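Written below as structure tokens is the structure these notes are about.
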Number of protein chains: 2
Amino acid sequence: MYSDGMSTSERLIEATRELLWERGYVGTSPKAIQQRAGAGQGSMYHHFTGKPDLALAAIRRTAADLRAAAEAAFAGDGTAYERIAAYLLRERDVLRGCPVGRLTMDPEIIADDELRAPVDETLDWLRGRLAGIVQEGLDQGEFAAHVVPGEIASAVVATVQGGYVLARATGSPEAFDAGVRGLLSLLSPRPPGPAEPAPPSFFHATAPLQLPPHTRE
Amino acid sequence: MYSDGMSTSERLIEATRELLWERGYVGTSPKAIQQRAGAGQGSMYHHFTGKPDLALAAIRRTAADLRAAAEAAFAGDGTAYERIAAYLLRERDVLRGCPVGRLTMDPEIIADDELRAPVDETLDWLRGRLAGIVQEGLDQGEFAAHVVPGEIASAVVATVQGGYVLARATGSPEAFDAGVRGLLSLLSPRPPGPAEPAPPSFFHATAPLQLPPHTRE
DNA sequence: GTCTATAACTCGATAGAC
DNA sequence: GTCTATCGAGTTATAGAC
């Protein structure tokens, strides 16, 4: 229940964002939104034409947030591998799932092109951004020459989205982390280890990111 | 709506399975189940104590089916890589999503340990089975020595689960296939291509499965 | 802008006739 | 075993007072 300096319509959008994340579209009722926002029926229907309209505003904002968070991970100046690793290892509320990806399991989101569009565009942007980084890595000789940027990008995003599924099934973020580590170990220019010989100077290899013992869990 | 030789309780379970797959637990009402099963309120509450009880029966059956389908892909006598590829490339109703995995996004499934248990156990079994196959591949020198079986297994299952997310977001199975191809290209003992030199006889490498232009899509 | 009132319906379940 | 009737609560809104 919000009581801050937010306007009523702001509070309605924020409450909807939370509930869509927690319970999905089908599982979220206008009444629940109003209660969490501290607003009456009339307020909601004054500012929005109905549940789909409000959900659209909420989804667009959540999509923009996710994009910004991903961009922050990509924006570093490391190697392609390091930037992909930074994205995969960025802090996440693993057990809450992906606020955008989870919407794809909602029948009424998928059935409504207007509600599905921001979800589609966000994941599409993410794959495109990752594909570009993989291409840079290929140009630098960081990855095996036969890999296809768009395919690696899809595998990266899928590993994240599927990692949420595994984590929620087990009730622990462990499986998410395991999947990410597995993918990174396959993507890594060379295996980790202290007994590593120095790479020849003509080879553009870089040390893989050390996996931090992160705080989550 | 079923009218076959199925008993009423069978029809209720099958109808529930379909609806859980299409709409999830929160999105599935007893009334919808009864209508699809062609049964009245009284029948449902005679055979089952309520919605959770019926859902549990449906989920257990769906979990058993998924396990059997996966086992069929694993049971082949190819290399570890080939059996993992067979699992990843097996026919799927990609746009319908995973009937087990999708349940993890349902707040009421996750909140109820009895309903979550079969989901958890199924995905856990799947990861364990895959980890065993990766270990076999390691023993045969099929994979890079530094990979960790449990991590690769998690990445494989996550890629599938996340592939469903991408496919449903775009409305096409293409992104699912791309992710799977990407993961296989990273896992592949050596890059594909006709100009491949024959491996030295002491090396256990095997040709990667040709990706079939499969019928889905 | 926000509130309450009301509508027509569905929710998950129980009771009891047949 | 299956049916209909009924329950109290919740759903998605509209209407209209303030």
Side-chain angles (χ1 to χ4, degrees), chain A residues 1-59 103 106-112 114-115, chain B residues 1-59 103 106-116:
Chain A
M1 169 60 127
Y2 297 103
S3 44
D4 336 356
M6 279 188 215
S7 70
T8 300
S9 104
E10 278 299 306
R11 294 200 315 274
L12 285 164
I13 291 175
E14 290 303 314
T16 304
R17 295 221 292 156
E18 290 180 6
L19 284 164
L20 286 181
W21 196 356
E22 291 168 22
R23 305 191 44 85
Y25 184 84
V26 163
T28 296
S29 71
K31 177 173 243 180
I33 294 170
Q34 293 150 23
Q35 284 173 342
R36 191 169 297 209
Q41 295 259 94
S43 293
M44 181 183 135
Y45 287 101
H46 172 74
H47 292 287
F48 302 94
T49 66
K51 177 176 163 178
D53 185 39
L54 178 47
L56 186 58
I59 292 172
L103 300 174
D106 218 297
E108 300 188 12
I109 300 270
I110 294 303
D112 183 331
E114 252 195 308
L115 292 176
Chain B
M1 171 55 131
Y2 296 102
S3 43
D4 335 356
M6 278 189 216
S7 69
T8 299
S9 102
E10 277 300 306
R11 292 198 318 272
L12 284 164
I13 292 176
E14 289 304 313
T16 304
R17 295 220 291 156
E18 289 180 5
L19 284 164
L20 286 180
W21 196 355
E22 290 168 23
R23 304 189 45 85
Y25 184 83
V26 163
T28 295
S29 71
K31 176 176 245 181
I33 294 170
Q34 292 150 24
Q35 284 173 342
R36 192 169 296 209
Q41 294 260 94
S43 292
M44 182 184 133
Y45 286 101
H46 172 74
H47 292 287
F48 301 94
T49 66
K51 178 176 160 177
D53 185 39
L54 178 47
L56 186 57
I59 292 171
L103 300 173
D106 217 300
E108 300 189 12
I109 299 270
I110 295 303
D112 182 331
D113 280 342
E114 252 195 309
L115 292 176
R116 187 174 57 85

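Everything numeric here is computed off the predicted structure, so don't read it as measured data. In what follows, chains are A, B, ... by sequence order, proteins preceding strands, each numbered from 1.
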Interatomic distance where [atom1] belongs to [X] and [atom2] belongs to [N] [whole Å]:
X	N	atom1	atom2	answer
B:D53	C:dG12	CG	C1'	14 Å
A:L54	D:dT12	CG	C1'	13 Å
B:Q35	C:dT10	CD	C1'	11 Å
A:Y45	D:dA15	OH	P	13 Å
B:L12	C:dA13	CG	C1'	15 Å
B:M44	C:dC11	CE	P	12 Å
A:K31	C:dC11	NZ	C1'	13 Å
A:Q34	D:dT14	CD	C1'	13 Å

*Any donor and acceptor pair, going by atom type alone, linking the side chain of B:T28 with main-chain N or O of B:L19 inside 3.5 Å?*
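The answer is yes, because a donor-acceptor pair under 3.5 Å joins these two groups.
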
Compare the minimum distances between each of [options] and the side chain of [X], then state the nucleotide with the smallest one.
X	options	value
A:H46	C:dC3, D:dG1, C:dG1	C:dG1
A:Q41	C:dT2, D:dT12, D:dC3	D:dT12
A:P30	C:dC3, D:dT12, C:dA13	D:dT12

*Between B:E14 and B:R17, is there a salt bridge with N-O shorter than 4.0 Å?*
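B:E14 and B:R17: salt-bridged.
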
*When you check the gap from the basic side-chain N to the acidic O, do B:R36 and B:E22 get nearer than 4.0 Å?*
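Here B:R36 pairs with B:E22 in a salt bridge, since their nearest N and O are under 4.0 Å apart.
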
*With sugar-phosphate meaning primed atoms plus P, OP1 and OP2, does A:G42 contact a base, only sugar-phosphate, or nothing at under 4.0 Å between heavy atoms?*
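Base, at least one base heavy atom under 4.0 Å.
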
Do any side-chain nitrogens or oxygens of [X] fall under 4.0 Å of OP1 or OP2 in [N]?
X	N	answer
B:T8	D:dT2	yes
A:H47	C:dT2	yes
A:S29	D:dT11	yes

*Give the intermediate values and the outcome of side chain to side chain contact (heavy atoms under 4.5 Å, CB included) for residues A:I13 and A:F48.*
CA-CA 10 Å; A:I13 291 175; A:F48 302 94; 3.7 Å; yes

*Taking side chain as C-beta onward, heavy atoms only, is A:P30 less than 4.5 Å from A:M44?*
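A:P30 vs A:M44: side chains touch.
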
